[in-house]
Asker: 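Dropping the structure in here first, questions after.
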Amino acid sequence: MRRVIDEVQTAALAGLNSRNPNAFDDYFATAAEGAVAAGLAETQQAYKTFVAQLPNSSAVQFHSFDILAIEVHEDAGLAKVTYRLHFSIIRNGQAIFSAKATQSIALLKTPRGWRISGGDAPQLEDVTGNWPSQ
């Protein structure tokens, strides 16, 4: 489980910095695998929107990524992971926006392994700076 979460984190950061909104689509369950289509689409779209809002002149840096809780219901093939991510938007070597985001994501055990099936809206705290504009 932790390996998949680490892979997702790495793929998400790489996708943000390469402006690839589809960077970690392979880590999402599909409706055919049992994911609820609406929750799945909402969670995927949140990442794609975040990528689209990043100005080309900026980079994203993850300062820390901590897993706060993992709940696994093996018999049902379901899990919930709660994490806290401290990140910054960097422009010209300076952090212009920084925040800590806490979010819970739902995972579904599929033939491809554990995959994201949805998540709640990230809760931001310790926000500094202004969201960058294009």
Asker: Show me the pairs that pass ring pair (Phe, Tyr, Trp, His ring centres under 6.0 Å) and involve residues 99-121, at least two apart or across chains.
Answerer: none
Asker: By side-chain contact (heavy atoms from CB on, under 4.5 Å), which residues pair with A101, not counting sequence neighbours?
Answerer: F87, P122, L124
Asker: Strictly by salt bridge (charged side-chain N to carboxylate O under 4.0 Å, His left out), give each pair with a member in residues 111-121 just once, sequence neighbours left out.
Answerer: E33-R112
Asker: Please check if any side-chain donor atom of H86 sits under 3.5 Å from a side-chain acceptor atom of S98, or the reverse.
Answerer: yes
Asker: Among residues at least two apart in sequence or on other chains, which ones pass side-chain hydrogen bond (donor to acceptor under 3.5 Å, both in side chains) with D75?
Answerer: none
Asker: Considering only distance and modelled atom types, tabulate donor-acceptor pairs under 3.5 Å from the side chains of residues 4-15, sequence neighbours left out.
Answerer:
unit_1: E7; atom_1: OE1; unit_2: Y27; atom_2: OH; d: 3.1
unit_1: E7; atom_1: OE2; unit_2: R3; atom_2: NH1; d: 2.5
unit_1: T10; atom_1: OG1; unit_2: D6; atom_2: O; d: 3.0

Asker: Can you tell me if T49 and Q53 form a side-chain donor-acceptor pair at under 3.5 Å?
Answerer: no
Asker: Among all residues two or more places apart in sequence or in another chain, which pass the side-chain contact (heavy atoms from CB on, under 4.5 Å) test with A46?
Answerer: none
Asker: Excluding sequence neighbours, so at least two apart, what forms side-chain hydrogen bond (donor to acceptor under 3.5 Å, both in side chains) with T110?
Answerer: none
Asker: Salt bridge (charged side-chain N to carboxylate O under 4.0 Å, His left out): which pairs involve residues 99-110, sequence neighbours left out?
Answerer: E74-K109, K100-D126
Asker: Can any side-chain N or O of E125 pair as donor or acceptor with the backbone N or O of Q123 at less than 3.5 Å?
Answerer: no
Asker: Tell me, which pairs form a salt bridge (charged side-chain N to carboxylate O under 4.0 Å, His left out) where one or both residues lie in residues 18-27, sequence neighbours left out?
Answerer: D25-K48
Asker: Give a yes-or-no answer on whether the side chains of R91 and S57 include a donor-acceptor pair shorter than 3.5 Å.
Answerer: yes
Asker: Got a donor-acceptor contact below 3.5 angstrom from the T102 side chain to the R84 backbone?
Answerer: no
Asker: Taking side-chain hydrogen bond (donor to acceptor under 3.5 Å, both in side chains) as the definition, give me every residue that meets it alongside S64, ordered by chain and number, with sequence neighbours left out.
Answerer: none
Asker: With sequence neighbours left out, what residues match D66 under side-chain hydrogen bond (donor to acceptor under 3.5 Å, both in side chains)?
Answerer: none
Asker: Is there a chain of hydrophobic side chains (I, L, V, M, F, W, Y, each step under 4.5 Å between heavy atoms) that links L108 to M1?
Answerer: no
Asker: Show me the pairs that pass salt bridge (charged side-chain N to carboxylate O under 4.0 Å, His left out) and involve residues 52-62, at least two apart or across chains.
Answerer: none
